[in-house]
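To start, the structure itself, in structure tokens.
Small disclaimer: the values here were computed from a predicted structure and weren't measured.
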Amino acid sequence: NTIPGMVPASTEYGKGCLFADRCHHVMDLCHSKDSPQHLINPGHLTACHLYDQNKVPVEETKNNRILSPDRKLGEDSILSVKALRTWFPVRKGVFLQIANYVKAVDNVDMEIQRGSTLALVGESGCGKTTFGESILKLTRETEGHVFLDGQDIMQLNNKELKKIKNRMQIVFQDPMGSLSPRMTVENIVGEGLEEHYKDIKEGARRKKIERVLKEVGLPISTLDRYPHEFSGGQRQRIAIARALILEPSFLVLDEPTSALDVSVQAQVLNLFKELQAKRNLTYLFITHNLSVVRYMADNVAIMYLGKIVESGSTAEIFQNPKHPYTKSLLDSIPDIETRKPLNLIKGDVPSPLNPPIGCHFHPRCPILLNEKENSILKHKCKTEYPEPVYSEKSFVRCHANK
């Protein structure tokens with residue numbers, strides 16, 4: 001459920017209640033006069049004309065729930081990742097020789113179905129963002145194979161890669177940090193056109209920019225303004241417009257709502273769903289918010305210290321998680337209604353520079369922390385990294401599931 005409309009610009013505040021244009025119970029009085037504060041209970045105040053005569057608001061008659069648009073999932077994979085790894089060298093000594101590697105992404109295989117949303121989930125420091133940047137070939141240290149519609153982009157030189165970059169775009173986590181403060185919205189959104197559509201005429205360029213701004217819910221009047229003049233949600237819409245104007249088929253969404261408040265998050269998530277249905281987009285949705293995953297994703301991959309430890313459909317992961325790390329993440333979700341105690345994961349994520357021997361999760365694993373667990377399993381977990389155990393379209397890396 002979203003709050004309709006958006007927060008008005010600070011230069012556009014009108015008379016009366018500032019929330020009137022977005023309120024389900026709006027009256028004529030609301031547009032012309034501010035409401036005084038009313039005492040509901042000790043310590044509980046509200047400023048709303050509905051309480052002028054001490055009347056409780058009527059039940060809402062307008063349902064603002066946005067139904068998920070219909071989507072067509074392809075039978076083939078738009079993106080296929082094989083043995084992908086991104087190891088950052090650690091150099092020491094006078095001659096800066098390589099002493100070790102930070103294994104940010106370590107031998108990952110992945111298939112992303114056309115028109116679907118795959119959520120990549122894990123704690124901070126698990127390598128999610130590095131993986132997203134690696135499949136777009138934004139890091140020099142990446143090795144392996146990434147097939148986009150059957151074409152291995154890892155084998156392309158810079159000139160060849162530039163020709164297909166418009167088909168793969170990214171929306172970053174921090175909208176303010178990813179937008180140049182010295183450029184207007186028109187220049188930010190239209191920047192990609194200068195590289196991929198060099199012969200486009202000014203009139204056609206302007207129309208494409210206006211069309212994509214309208215598509216993401218921004219007025220044309222924003223074209224000549226700068227990023228600092230907008231709210232966080234509006235800045236993220238500008239970033240989305242910048243990615244969409246090149247008409248990509250695949251988008252990496254790197255925690256695109258984590259910097260936004262809850263009501264704006266809902267608007268942006270609904271926008272992503274609408275755009276996906278309209279344009280037949282495929283998403284890699286990087287996040288640590290499992291509530292967002294349940295709403296957005298068709299499939300889920302759980303990452304821990306650069307490796308995928310469990311993968312499957314969203315329904316299967318939430319209803320029948322197999323890896324103890326997945327179970328721990330789900331147990332960490334706050335439940336407002338039941339207020340159940342949170343079962344937080346013990347300890348911190350180890351350094352990818354020196355990951356634990358054996359299963360990387362074993363020092364924090366609730367199964368092994370149970371003293372009654374058998375010694376044979378404990379020995380395997382501490383000495384051998386588990387091979388994947390497959391079941392239909394899912395897999396898990398855990399000795400306890402063999």
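Side-chain contact check for Thr130 and Thr86: no donor-acceptor pair (N or O, by modelled atom type) lies under 3.5 Å. Side-chain contact of Ser231 with Gln234: a donor-acceptor pair under 3.5 Å is present, judged by distance alone. A side-chain donor-acceptor contact under 3.5 Å links Tyr295 and Asn270.
For Pro356, the side-chain contact (heavy atoms from CB on, under 4.5 Å) partners are Leu305, Pro350, His360, His362, Pro363, not counting sequence neighbours.
Note on Asp106 versus Arg85: no salt bridge recorded, every NZ/NE/NH1/NH2 to OD/OE distance being 4.0 Å or above. Under the 4.0 Å criterion applied to side-chain N and carboxylate O atoms, Glu210 and Arg205 are not assigned as salt-bridge partners. For the pair Glu123 and Arg364, the salt-bridge criterion is met [side-chain N within less than 4.0 Å of a carboxylate O]. In summary, Lys82 and Glu111 engage in a salt bridge, as defined by a charged side-chain N under 4.0 Å from a carboxylate O. One finds a salt bridge joining Glu247 and Lys208 here, because a Lys/Arg side-chain nitrogen approaches an Asp/Glu carboxylate oxygen to under 4.0 Å. Under the 4.0 Å criterion applied to side-chain N and carboxylate O atoms, Arg279 and Glu274 are not assigned as salt-bridge partners. Salt bridge absent: Asp254 and Lys128 never bring a charged side-chain N and a carboxylate O closer than 4.0 Å.
With hydrogens and angles ignored, the 3.5 Å screen pairs no side-chain donor or acceptor of Thr139 with any backbone N or O of Glu141. In terms of modelled atom types and a separation under 3.5 Å, the side chain of Asn320 and the main chain of Glu316 share no donor-acceptor contact. For Thr383 (side chain) and Gly358 (main-chain N/O), no donor-acceptor pair under 3.5 Å exists by modelled atom type. A donor-acceptor contact shorter than 3.5 Å links the side chain of Lys165 to the backbone of Leu136. Side-chain atoms of Asn100 never come within 3.5 Å of backbone atoms of Val90 as a donor-acceptor pair (strictly under, hydrogens ignored). Counting only distance, with no hydrogens or angles, the side chain of Arg235 and the backbone of Phe230 share a donor-acceptor pair below 3.5 Å. In this structure, the side chain of Glu186 does not engage the main chain of Leu223 through any donor-acceptor pair within 3.5 Å. Of the possible donor and acceptor atoms, one in the side chain of His399 sits under 3.5 Å from a partner among the backbone N and O of Glu384. Of the possible polar contacts, one joining the Gln236 side chain to the Pro256 backbone as a donor-acceptor pair under 3.5 Å is found.
Heavy atoms only, all atoms of each residue included: Ala297 and Thr314 are closest at O-OG1, 2.8 Å.
Distance check: Cys365 SG to Leu377 CG gives 8.0 Å after rounding to the nearest 0.5 Å. The structure places CD of Gln173 at 9.0 Å from OG1 of Thr287, a figure rounded to the nearest 0.5 Å.
Put simply, the side chain of Ser311 does not reach to within 4.5 Å of the side chain of Ile302, judged on heavy atoms. Residues Lys307 and Val108 form no side-chain contact, since every pair of their non-hydrogen atoms from C-beta on lies 4.5 Å or further apart.
Ring planes of His323 and Phe361: tilted class, angle from 30 to 60°. Ring-plane geometry between Phe272 and Tyr283 is classed as perpendicular, the angle between the planes exceeding 60 degrees on a 0 to 90 degree scale with a lower cut at 30.
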(Q) Please determine whether side chain to side chain donor-acceptor pair (under 3.5 Å) holds for the pair Ser77 and Gln113, giving the CA-CA distance in whole Å, both sets of side-chain angles, and the decisive distance to 0.1 Å. (A) CA-CA 4 Å; Ser77 297; Gln113 186 181 7; over 6 Å; no
(Q) Set out, in order, the CA-CA distance, both residues' side-chain angles and the distance that settles side chain to side chain donor-acceptor pair (under 3.5 Å) for Ser328 and Asp331, then state yes or no. (A) CA-CA 5 Å; Ser328 298; Asp331 288 341; 5.7 Å; no
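For Asn157, the CG atom counts as densely surrounded, since its 6.0 Å shell holds more than 12 non-hydrogen atoms of other residues, nucleotides or ligands. For CZ of Arg294, the number of neighbouring non-hydrogen atoms (other residues, nucleotides, ligands) closer than 6.0 Å is 12 at most. Within 6.0 Å of the CZ atom in Phe88, the count of heavy atoms belonging to other residues, nucleotides or ligands exceeds 12. Sparse packing is recorded around CD1 of Ile357, with 12 or fewer heavy atoms of other residues, nucleotides or ligands lying under 6.0 Å away. When the shell of 6.0 Å around CD of Glu191 is examined, it contains 12 or fewer heavy atoms from other residues, nucleotides or ligands. When the shell of 6.0 Å around CG of Leu45 is examined, it contains more than 12 heavy atoms from other residues, nucleotides or ligands. Residue-environment remark: NE2 (His31) exceeds the threshold of 12 foreign heavy atoms within 6.0 Å. Annotation: Asp261, atom CG; neighbour count of heavy atoms from other residues, nucleotides and ligands within 6.0 Å is above 12.
Only one option out of Ile135, Asp149, Leu281, Ile170 pairs with Phe250 in a side chain to side chain contact (heavy atoms under 4.5 Å, CB included); it is Ile135. The side chain to side chain contact (heavy atoms under 4.5 Å, CB included) with Met296 is formed by just one residue from the set Leu269, Thr257, Leu118, Asn289; it is Leu269.
Geometric assessment of Lys322 against the ring of Phe395 yields a negative cation-pi assignment under the 6.0 Å and 45° thresholds.
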